[in-house]
Amino acid sequence: MNPTTKLPSSLEQPKERIVSRKNKSFKEIIYKTFIYLLLILISLIMIFPFYWLIRSALMTQVEVFTMPVKWLPSIPQWSNFKEALTSAPFGLYFKNTIFLVVLNVFGALLSNSFIAFGFARISFKTRNFWFGFVLMTLMLPGAVMLIPQFVGWKVVGAYNTYFPLILPAFFGNAFNIFLLKQFYSTIPIEYDEAAKVEGANYLQIWYKIILPLSKPALVTIGVFTFLSVWNDFMGPLLYLNDESKWTLALGLQSFQGHYSSQWNLLMAAAVVMFAPLVILFFFAQKQIMSGANLTGGIKG
Amino acid sequence: MTKIEKKNLAWGYLFIAPAIIGLTLFIVAPMIFSFIISFTDWDMITSFKWIGLTNYQTIFTDDIDFWNSIKVTFIFAIVQVPCVQIFSFLLANLLNSKVKGVSIFRTLFYIPSILPFVAVAILWMFIYNPDFGLLNQFLGFFHIPPQDWLVSNKLVIPSLVIMAMWMGGGAMIISLAGLQGVPNYLYEAVEMDGGGRIHKFWYVTVPMMSPIIFFNAVMNLIGVMQAFNEAYIMTQGGPDKHTYFYLYMIYQAAFKEGHMGYASALAWILFVILVIVTLLVFRFSRNLIYYEAEVK
């Protein structure tokens with residue numbers, strides 16, 4: 001008797017489950033389709049400016065102004081790039097920008113890893129006081145420092161030189177110091193102690209042990225320094241007077257003033273400025289994405 | 001102090017010396033200096049003229065631009081911060097769904113935020129162009145008459161906000177990382193109680209993410225209060241000084257008119273405003289944010 005009474009229920013149960021799972025997976029499909037549609041719709045909106053950029057960069061001046069609007073160039077005008085790049089000394093601007101980027105990246109990697117080592121691996125009195133001092137400067141709005149820094153550089157005769165745009169990188173920056181200090185603290189302290197037993201001093205420990213181990217964090221800092229120097233507009237605007245010293249950002253802005261109606265050339269120039277970053281992004285995607293998280297985690 | 005402690009102290013200072021020197025030279029000294037010159041009339045050529053509180057007095061009683069700049073900067077902040085934050089938070093949630101290929105969308109939504117502002121600004125100026133711009137062409141499909149966007153008193157702020165939303169990938173990525181850290185058992189608990197997606201979002205996601213949302217919003221706020229590039233590159237403070245943002249005003253005072261003392265006073269006022277705003281935001285949001293470590 002027992003088996004027969006149990007049979008129906010044990011047969012029914014799986015049935016119910018199958019039905020509910022079917023129901024659920026149907027719902028799930030609807031939901032996923034909805035998510036995809038939403039993602040695609042937003043992507044289209046996000047991509048549209050890029051489409052407009054490239055479409056216009058490849059058009060003739062006349063086509064850009066044709067009414068009703070043309071959505072694609074009839075013949076892609078690759079010469080726009082050449083024309084845009086030669087109508088202003090963009091080659092020179094590019095060289096200047098790269099020069100600034102290289103020195104800033106070098107300075108940032110050297111100084112921040114050095115300073116962070118002191119905060120992370122050596123225990124000494126007043127360490128926490130100074131670290132608090134460093135962190136405090138994170139809160140200061142850049143706008144307040146703008147004029148006094150400018151005046152300072154002008155007084156020492158560094159206006160219209162690259163010094164104001166390079167030298168600060170060699171003295172560390174609160175943000176990167178914090179980032180590296182966090183990273184260093186994940187490296188076992190026994191490494192340092194073993195090296196000390198072997199007779200190494202702190203300088204050697206920093207250079208020979210910690211530095212090679214902190215490559216991932218250094219790459220992140222390097223990439224973000226690259227981005228901030230490449231994209232900086234206000235620094236060059238304030239400090240660089242001679243056109244021959246300008247950076248790409250500055251050159252592009254002035255180009256925009258001179259060619260305000262030649263949208264096809266302007267768009268071509270913008271493409272040139274975007275391109276290296278997009279390439280960099282695809283090479284360093286991991287570092288950039290995780291770096292953006294790190295920076296967020298730190299500040300919060 | 002033992003011998004080792006002394007040695008460590010020397011080594012410690014050697015390593016952190018660049019930071020101490022840098023902060024003193026590039027931050028502390030300039031701040032003190034700017035505080036002093038805010039009480040002078042100085043054009044960087046002739047010598048200082050001590051004028052006491054005159055700069056501050058003029059700013060508060062006799063400077064129309066000052067009050068206008070405060071107004072337009074706050075309007076920009078009040079519109080921009082919620083729009084950008086809500087948009088990027090919703091995007092992050094969307095990207096957190098477990099569907100295939102989501103990393104492509106993540107890349108796509110994030111890229112605009114790392115591009116140089118100058119080039120982005122030029123692109124959007126063309127998009128907003130009243131005659132040949134993409135946006136008016138697009139609106140034409142829906143028979144919406146062309147708008148003046150950046151040259152319209154009413155639309156200039158919304159135009160800048162739309163652009164900022166497009167570039168809001170930074171906050172999105174931070175939120176996304178936070179979302180991935182929300183423990184799954186909380187969502188399961190909602191499921192057990194028969195709650196749906198909306199319940200999960202309101203009763204788990206939003207409270208758990210509130211510190212991150214708050215952090216993003218504060219950073220955004222501090223940044224937007226110092227907006228400069230938009231005004232300099234795209235609008236020149238116009239139309240009708242509707243985008244004559246505070247930092248742009250400082251720039252004009254310092255570098256176009258050469259009033260360094262006056263500009264320094266303006267900068268210090270901005271500093272005080274930022275401190276007050278930040279403190280107020282912290283004060284008022286205390287009850288809105290859920291901190292896990294806290295026992296309530």
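Here the structure is a predicted model, which means the values were calculated and not measured. We name chains A, B, ... by the order of the sequence lines, and we start the count at 1 in each one.
Looking at Val120(B), both its backbone and its side chain come within 4.5 Å of chain A, counting heavy atoms on both sides. Of the two parts of Leu274(B), only the side chain, counted from C-beta on, holds a non-hydrogen atom closer than 4.5 Å to a non-hydrogen atom of chain A. Contacts between Asn129(B) and chain A at a heavy-atom distance below 4.5 Å involve the side chain alone, from C-beta outward. Contacts between Met225(B) and chain A at a heavy-atom distance below 4.5 Å are absent for every atom of the residue. No part of Tyr246(B) comes within reach of chain A, as not one of its non-hydrogen atoms sits under 4.5 angstrom from that chain. Proximity to chain A (any heavy atom under 4.5 Å) is shown, for Ala19(B), by both the backbone and the side chain. Interface remark: Phe132(B) contributes backbone and side-chain atoms alike to the contact with chain A (heavy atom separation under 4.5 Å). Only the side chain of Ile177(A) comes within contact range of chain B, with heavy atoms under 4.5 Å apart. For Lys98(B), the part lying near chain A is the backbone, with the side chain staying farther off; criterion is any non-hydrogen pair under 4.5 Å. Within the 4.5 angstrom heavy-atom criterion, only side-chain atoms of Leu227(A), from C-beta onward, approach chain B. When heavy atoms are compared at a cutoff of 4.5 Å, Leu23(B) approaches chain A solely by way of its side chain, counted from C-beta outward.
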For residues 264-280 of chain A, which side-chain N or O atoms pair as donor and acceptor with protein atoms under 3.5 Å away, sequence neighbours left out?
{"residue": "Asn264(A)", "atom": "ND2", "partner": "Met59(A)", "partner atom": "O", "Å": "3.1"}

Just list the side-chain donor-acceptor pairs under 3.5 Å for residues 261-268 of chain B, sequence neighbours left out, or say none.
{"residue": "Tyr262(B)", "atom": "OH", "partner": "Asp63(B)", "partner atom": "OD2", "Å": "2.5"}
{"residue": "Ser264(B)", "atom": "OG", "partner": "Met260(B)", "partner atom": "O", "Å": "2.9"}
{"residue": "Trp268(B)", "atom": "NE1", "partner": "Ser34(B)", "partner atom": "OG", "Å": "2.6"}

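Between Phe48(A) and Trp166(B), the ring center distance fails the sub-6.0 Å criterion.
Most heavy-atom pairs under 4.5 Å with chain B, from the set Phe150(A), Trp153(A), Trp206(A), Trp230(A): that is Phe150(A). For the set Ile115(A), Leu238(A), Thr126(A), Val151(A), the count of heavy-atom pairs under 4.5 angstrom toward chain B peaks at Ile115(A). Most heavy-atom pairs under 4.5 Å with chain B, from the set Val134(A), Ile42(A), Asn112(A): that is Ile42(A). Taking chain B as the reference chain and counting heavy-atom pairs below 4.5 Å, the highest number among Gly257(A), Gly152(A), Pro168(A) is found for Pro168(A). In terms of heavy-atom pairs under 4.5 Å with chain A, the best-connected choice from Ile127(B), Thr278(B), Leu94(B) is Leu94(B). Interface summary for chain A: among Leu108(B), Leu95(B), Leu123(B), Leu91(B), the most heavy-atom pairs under 4.5 angstrom belong to Leu123(B). Comparing Ile250(B), Ile122(B), Leu247(B) by how many heavy-atom pairs each has under 4.5 Å with chain A, the most go to Ile122(B). In terms of heavy-atom pairs under 4.5 Å with chain A, the best-connected choice from Phe126(B), Trp124(B), Trp11(B), Phe105(B) is Phe126(B). Ranking Asn173(A), Ile45(A), Leu203(A) against chain B, the residue ahead of the rest is Leu203(A), based on heavy-atom pairs under 4.5 Å. Your options are Phe133(A), Phe117(A), Phe233(A), Phe131(A), and the one with the most heavy-atom pairs under 4.5 Å with chain B is Phe233(A). Of all the listed residues (Phe214(B), Phe33(B), Phe35(B), Phe109(B)), the one sharing the greatest number of non-hydrogen pairs under 4.5 Å with chain A is Phe109(B). Note on Phe117(B), Trp42(B), Phe255(B): by heavy-atom pairs under 4.5 Å with chain A, the leading option is Phe255(B).
With a 4.5 Å cut-off on side-chain heavy atoms, Phe228(B) and Leu237(A) count as touching. Side-chain contact between Ile16(B) and Phe119(A) is present, with at least one heavy-atom pair separated by less than 4.5 Å.
Around CD1 of Ile104(B), the count of heavy atoms belonging to other residues, nucleotides or ligands within 6.0 Å does not exceed 12. Atom NZ of Lys70(A) is surrounded by more than 12 heavy atoms from other residues, nucleotides or ligands within 6.0 Å. Within a 6.0 Å sphere centred on OH of Tyr51(A), other residues, nucleotides and ligands contribute more than 12 heavy atoms. With a 6.0 Å radius and a threshold of 12 heavy atoms from other residues, nucleotides or ligands, Phe48(B) has its CZ atom above the threshold.
In this structure, Phe26(B) and Phe171(A) have perpendicular ring planes: the angle between them is above 60°, well past the 30° mark. Using bins of under 30°, 30° to 60° and over 60° for the plane-to-plane angle, the ring pair Tyr13(B)/Phe124(A) lands in the tilted bin.
Seen from the ring of Phe15(B), Arg121(A) does not count as a face-on cation partner, given the 6.0 Å and 45° thresholds.
For the pair Val144(A) and Phe271(B), the tightest heavy-atom approach, listed with the atom from each and the gap, is CG2-CB, 3.4 Å. Residues Val118(B) and Ala249(A) share a closest heavy-atom pair of CG1-O, 3.6 Å.
With hydrogens and angles disregarded, no donor-acceptor distance shorter than 3.5 Å links the side chain of Asn8(B) to the backbone of Ile122(A).
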